[in-house]
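What's counted below: heavy atoms across the whole structure, side chains too, no hydrogens, waters or symmetry copies.
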Protein chains: 2
Amino acid sequence: MPTAAKDPVADRPKRRVGRPRIAPESGGGTQDAEPRDQLLAAAAELFTVQGYSATSTRAITAKAGMRQASMYYHFASKEELLSSLLETTVAPSLEFAEWALAERDAAAEARLWALARIDAAQLAGARHNLGALYLLPEVRREAFAPFRALRARLSESYRELLGQTAAAIDYAPGELAQRAHLVFGLVEGVILARLDNRLDRHPESGPLADPAAYSAEVADAALRLSGCDRLGAAREQGRRLCAEWIGRSEHLPSATPTGESA
Amino acid sequence: MPTAAKDPVADRPKRRVGRPRIAPESGGGTQDAEPRDQLLAAAAELFTVQGYSATSTRAITAKAGMRQASMYYHFASKEELLSSLLETTVAPSLEFAEWALAERDAAAEARLWALARIDAAQLAGARHNLGALYLLPEVRREAFAPFRALRARLSESYRELLGQTAAAIDYAPGELAQRAHLVFGLVEGVILARLDNRLDRHPESGPLADPAAYSAEVADAALRLSGCDRLGAAREQGRRLCAEWIGRSEHLPSATPTGESA
DNA sequence: ATTATCTATAGATCTATAGATAATGC
DNA sequence: ATTATCTATAGATCTATAGATAATGC
């Protein structure tokens with residue numbers, strides 16, 4: 001073997017600064033992630049399954065393989081931990097929404113389809129049912145207002161795109177807001193579907209069977225609700241928009257702290 | 001005044017057996033309700049707003065006007081309190097669903113419309129956002145399995161009705177379950193709409209602006225999702241079914257412990 | 001005697017802080 | 001010296017039980 005550094009990542013001795021941990025890594029392969037990300041991953045699972053108040057900092061740190069107090073080196077409080085998780089949840093959909101709003105060459109129907117698709121796919125495919133985090137009652141606390149503002153912007157994006165569709169011309173006054181709400185609610189139905197899955201069938205957490213197919217169904221249903229009469233064409237162009245966006249974002253470094261290796 | 005007992009309810013001296021309370025009634029006119037119902041009403045508000053784990057038994061009893069330990073005379077545990085609330089939440093919709101399934105003379109589309117309507121109206125119009133209770137992560141605990149079974153039966157009722165519609169004949173394999181899920185999710189979107197209302201606009205809890213109109217919109221949207229092509233007729237007959245049911249249930253003693261006087 | 005409350009408290013948490021300590025880095 | 005952990009603990013909870021008590025009912 002003449003070339004020494006064949007696989008620099010695997011060879012890395014993983015020696016770290018600071019006092020070493022004592023607690024063993026409990027299961028789920030987060031061994032060599034950043035401690036901060038280990039905490040986020042542990043909290044994501046526990047918060048979605050048990051809720052925020054029902055999850056102790058002790059439980060989170062045990063899952064992340066460290067002692068309770070060590071959490072406070074990485075996060076100022078338990079609330080800050082939830083804040084971070086919440087923001088990673090809306091961010092991707094919101095980025096797509098803003099891009100889609102600017103793509104004025106594409107039909108509004110296609111952009112709406114694509115937004116519903118991307119948003120639903122993210123909700124359906126995430127390792128834990130992260131969307132359920134914003135159903136947690138604790139999220140109404142003042143500490144989470146910044147996150148709620150992000151979510152309100154996402155909701156408005158749906159309304160704007162819907163307002164640009166051909167069907168919207170015939171809407172009665174107030175009907176736009178009404179229908180936009182229904183569409184937004186339909187997409188968020190993915191969260192509820194996952195809750196039901198977990199409640200009634202799979203004891204273990206997990207994504208819906210086929211997120212890609214499911215999210216396309218949801219996007220179809222969204223256009224049906226909008227009153228769009230040329231679903232086929234909109235879906236076709238919508239798919240292209242999704243593909244284009246995914247192509248772009250793959251060039252970026254995908255910083256998804258909660259998505260563990262596999 | 002010859003006839004002595006003019007208004008027996010108002011004249012009732014309200015003297016009660018047992019040691020009297022010391023704690024004052026805090027606000028909301030539940031003064032002369034049964035203690036058990038006062039506790040349920042207090043818990044309904046606090047659980048929906050703050051969540052289950054975040055609500056202490058002390059907070060519940062303070063709102064109901066008694067001391068913390070007195071709760072345990074009426075409920076064996078905090079979990080039992082939530083259980084009672086959960087069951088009062090699904091029961092009305094489920095009763096309607098079973099009646100509608102049996103009404104085989106009416107068109108399936110109309111019965112589906114009516115079920116969506118009744119269910120959505122109940123979710124939209126309840127004093128507190130009681131539907132949100134079954135989004136509480138704690139509801140996954142074993143203690144709440146009986147409630148989850150009720151909810152599963154409601155979900156199946158939607159699927160059965162949808163399966164009897166004309167549009168269902170053309171569904172691909174698996175499409176029935178898929179669409180039924182979307183419809184069920186759409187109706188539950190009412191819960192999310194109320195959460196959003198509370199998050200973003202009204203600081204106080206409260207029902208959606210016009211539950212009757214809103215729930216009719218949701219029922220329309222449900223039929224649109226089903227692929228029904230004769231919405232007008234179905235809606236017409238659906239309205240009649242709703243009216244018939246409401247007529248019936250008004251003859252019964254309406255035992256809704258959580259709906260306070262007004 | 002029965003009922004529905006009360007007071008007091010055991011025992012088990014839980015969050016966050018203080019300060020010690022075991023690594024690496026320079 | 002810096003970093004990332006550790007141990008220990010203060011202080012504030014929280015749920016549920018034990019047993020006393022103040023009403024009504026008979």
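- Separating the CD1 atom of B/Ile60 from the C1' atom of D/dC14 is a distance of 12 Å, rounded to the nearest angstrom.
- In this structure, B/Tyr72 places its OH atom 18 Å from P of D/dG19, rounding to the nearest Å.
- Within the structure, ring pair (Phe, Tyr, Trp, His ring centres under 6.0 Å) pairs that include any residue of residues 69-92 of chain B do not occur (at least two apart or interchain).
- Listed by chain and number, the residues in a ring-ring contact (aromatic ring centres under 6.0 Å, His included) with B/Tyr52 are B/Phe47 (sequence neighbours excluded).
- Contact annotation: B/Ser56 side-chain N/O to D/dC14 OP1/OP2 distance is under 4.0 Å.
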- What do the steps show when you test A/Gln68 against A/Thr61 for side-chain hydrogen bond (donor to acceptor under 3.5 Å, both in side chains), and what is the final call? CA-CA 5 Å; A/Gln68 187 264 340; A/Thr61 52; over 6 Å; no

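- Under the rule for a side-chain hydrogen bond (donor to acceptor under 3.5 Å, both in side chains), the partners of B/Ser93 that lie at least two apart in sequence or sit in another chain are B/Asp119.
- Across all strands shown, A/Ser53 has no heavy atoms under 4.0 Å from either base or sugar-phosphate atoms.
- Annotation: salt bridge (charged side-chain N to carboxylate O under 4.0 Å, His left out) contacts of B/Arg58 (sequence neighbours excluded): none.
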Dump every N/O contact between nucleotides 7-11 of chain D and the protein below 3.5 Å, one line per pair.
unit_1 : atom_1 : unit_2  : atom_2 : d
D/dT7  : OP1    : A/Arg67 : NH2    : 3.3
D/dT7  : OP2    : A/Arg67 : NE     : 3.2

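- Nucleotides of DNA chain D nearest to B/Ala76 and A/Val17 differ in position, and the one nearer the 5' end is that of A/Val17.
- The phosphate of D/dA4 (OP1 or OP2) has a side-chain N or O of A/Tyr73 nearer than 4.0 angstrom.
- To the nearest 0.5 Å, atoms OG (A/Ser56) and CD (A/Gln50) are separated by 8.0 Å.
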- Query: Would you write out the dot-bracket form of DNA chain C, 5' to 3', with Watson-Crick and G-U pairs under 3.5 Å, [ ] for crossing pairs, | for pairs to other strands and . for unpaired bases?
  - Reply: ||||||||||||||||||||||||..

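- Distance CE (B/Met71) to P (D/dC14): 13 Å, rounded to an integer number of Å.
- Using a 4.0 Å cut-off between charged nitrogen and carboxylate oxygen, B/Glu98 and B/Arg153 count as a salt-bridge pair.
- The A/Arg21 side chain lies nearest to D/dT5 when the options are D/dT5, C/dT3, C/dG25.
- Distance CG/B/Leu150 to CG/B/Leu86: 9.5 Å, rounded to 0.5 Å.
- Nearest heavy-atom pair, B/Ala41 versus B/His128, reported as atom, atom and distance to 0.1 Å: O-NE2, 4.3 Å.
- Here the side chain of B/Pro35 is nearest to one of D/dT24, C/dC14, C/dT5, namely C/dT5.
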